[in-house]
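Before any comments, here is the structure.
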Protein chains: 2
Amino acid sequence: MTARKRKAKAARAEPLTAPVEDYLKAIYAFERDSGAAATNDIAQHLSIAPASVSGMVQRLADQGLVSYERYRGVRLTAAGRRAALRTIRRHRVIEAYLVQALGYGWDGVHAEAERLEHAASDTLIDRMAAAIGEPVTDPHGAPIPTRDGTIDETPHQSLADAAVGTTTRVVRVGDEDPGMLRYLDALGLRPGAEVTLTQRAPFDGPLTLAIGSATCQVGAALASRVLVAAAGDD
Amino acid sequence: MTARKRKAKAARAEPLTAPVEDYLKAIYAFERDSGAAATNDIAQHLSIAPASVSGMVQRLADQGLVSYERYRGVRLTAAGRRAALRTIRRHRVIEAYLVQALGYGWDGVHAEAERLEHAASDTLIDRMAAAIGEPVTDPHGAPIPTRDGTIDETPHQSLADAAVGTTTRVVRVGDEDPGMLRYLDALGLRPGAEVTLTQRAPFDGPLTLAIGSATCQVGAALASRVLVAAAGDD
DNA sequence: ACGAGAATTTAGGCTCGCCTAACTTACTGC
DNA sequence: GCAGTAAGTTAGGCGAGCCTAAATTCTCGT
């Protein structure tokens with residue numbers, strides 16, 4: 001490696017590239033639920049070779065977006081977190097707008113938002129949000145960061161971990177897999193729905209659910225992608 | 001230069017990159033009004049060094065998007081024209097949507113559309129178009145190509161070339177310069193407006209116009225960016 | 001406490017798009 | 001018909017992001 005000193009922490013207002021925004025989003029998520037993002041996790045999430053992640057992470061550190069100790073994982077700096085939340089806000093506002101204003105199904109919006117989030121201006125995002133009444137969550141129940149970077153990251157229990165016999169309210173579901181979303185929709189497992197876990201088969205077996213008057217069985221993997229709160233909760 | 005034969009005319013369905021789409025749009029426009037696009041024109045239009053254009057044009061030719069003879073200018077192939085029109089459609093539908101559905105002013109939409117056109121899916125464009133009633137022109141009067149690549153390229157006379165004493169109807173204005181658009185708007189020079197050219201100062205001097213009950217003077221440069229048709233015309 | 005295996009980084013390469021500098025071709029006026 | 005200039009191309013380079021293969025470093029179980 002040749003010298004790579006330059007001015008660490010340049011951090012001009014140059015707009016971030018799409019790959020950079022994608023890395024920051026991924027790092028944000030892993031850091032939120034694991035304390036720090038592992039190279040391998042980032043690589044897998046972005047479908048990139050781990051070696052490439054090392055290189056990019058160096059560049060992110062040079063830009064002051066990330067703090068990084070070799071072999072020790074990656075963490076966002078304040079600037080990096082700000083950028084990540086801005087991208088996440090874009091993504092989720094776009095998803096909400098596409099569903100509420102343009103008649104998209106909730107299974108199709110992720111891919112579209114994944115591209116638009118890198119191209120939309122702050123003005124556009126704000127106008128979209130205003131047009132649909134300043135939504136607080138996206139169509140999958142994920143919280144939308146505010147303009148100034150505040151986000152409600154209250155952790156939620158997964159349906160897979162609920163106690164048998166309890167009734168819970170769906171808060172949020174995974175947003176990436178369109179097929180899964182269509183299936184969840186068919187079952188009625190949408191944010192806001194009340195679900196009673198009536199039975200859990202042993203060895204990570206299927207769960208039996210009551211949703212309204214219907215009953216169904218879902219695998220543990222699917223249930224883990226459904227986040228819930230106590231039925232009465234806010 | 002190393003060998004560069006590969007398979008000319010690869011032309012997979014791989015999505016085109018943003019720079020490629022920008023080149024195709026530019027080439028389309030220059031070819032339309034000059035018969036072929038000159039390297040220098042493309043370079044200036046895209047704010048790129050002429051040498052870089054040579055390189056890119058080679059790549060476009062390799063991809064079968066452009067036909068190219070050294071020193072002789074560039075022309076779109078059928079595939080290239082199709083791609084260019086698709087991008088132009090995206091751009092103009094987005095502009096129209098931003099104005100009609102999200103309250104943008106006509107001076108702000110170009111920059112936004114310039115980025116979004118590379119990220120929006122065909123589905124999104126079609127939904128946007130449907131949401132605002134399948135517009136036929138963008139906010140500046142430019143014709144929107146149809147889904148299948150048809151476009152009305154009827155050439156129009158510029159206001160700068162109109163005969164003194166005639167009344168014409170504004171058909172279309174340049175879309176790139178926000179400041180100019182705000183000024184045109186203040187003058188009432190919007191598509192659909194009727195303008196009478198009452199006087200033309202010699203030596204490319206200012207034109208005197210009557211727009212409704214108002215009168216104003218504009219420079220020849222500005223007038224050349226305003227396209228008009230005979231007042232009664234379709 | 002040490003070695004196996006997993007995680008990570010380094011080394012070396014590639015493509016795309018861009019740049020500057022230097023050269024070549026085409027065109028124009030005389 | 002030939003020189004000067006404008007237009008265009010080639011040569012050589014660079015950074016961003018990606019890759020594979022080959023080191024490293026860390027971690028964990030025994």
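Below, each value reflects all heavy atoms present in this structure, side chains not excepted, and no hydrogens, waters or symmetry copies. A note on names: the letters A, B, ... follow the listed sequences, proteins ahead of strands, and every chain is numbered from 1.
Within a 6.0 Å radius of CD in E153(B), more than 12 heavy atoms belonging to other residues, nucleotides or ligands are found.
The side chain of I48(B) approaches dC19(C) more closely than any other nucleotide in the set dT8(C), dT9(D), dC19(C). Listed nucleotides dG17(C), dT8(C), dC18(D) differ in distance to P19(A); the shortest reach to its side chain belongs to dC18(D). You'll find that the side chain of N40(B) is closest to dG8(D), out of dT9(C), dA16(D), dG8(D). Which of dT20(D), dT9(D), dG17(C) sits closest to the side chain of P50(B) comes down to dT9(D). When distances run from any side-chain atom of S52(B) to the nucleotides dT20(C), dG8(D), dC19(C), the shortest one goes to dC19(C). Residue A51(A) has its side chain nearest to dA11(C) when only dA11(C), dC18(C), dG17(D) are considered.
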I'd like a table of atom pairs between the protein and nucleotides 23-29 of chain D - only N or O on both sides, under 3.5 Å - with the distance next to each one.
from: dT25(D); atom 1: O4'; to: Y71(A); atom 2: OH; distance (Å): 3.4

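You'll find the ring centres of H140(B) and H110(B) outside the 6.0 Å limit.
Contact annotation: Y23(B) does not reach the phosphate of dC16(C) (side-chain N/O to OP1 or OP2, under 4.0 Å).
At least one donor-acceptor pair under 3.5 Å links the side chain of S158(A) to the backbone N or O of A160(A).
Q58(A) places its CD atom 13 Å from the P atom of dA16(D), with the value rounded to the nearest Å. Remark: P of dT9(C) and OH of Y68(A) are 3 Å apart, rounded to the nearest angstrom.
Residue T39(B) is in sugar-phosphate contact alone, with no base atom involved, counting any heavy-atom pair closer than 4.0 Å across all strands shown.
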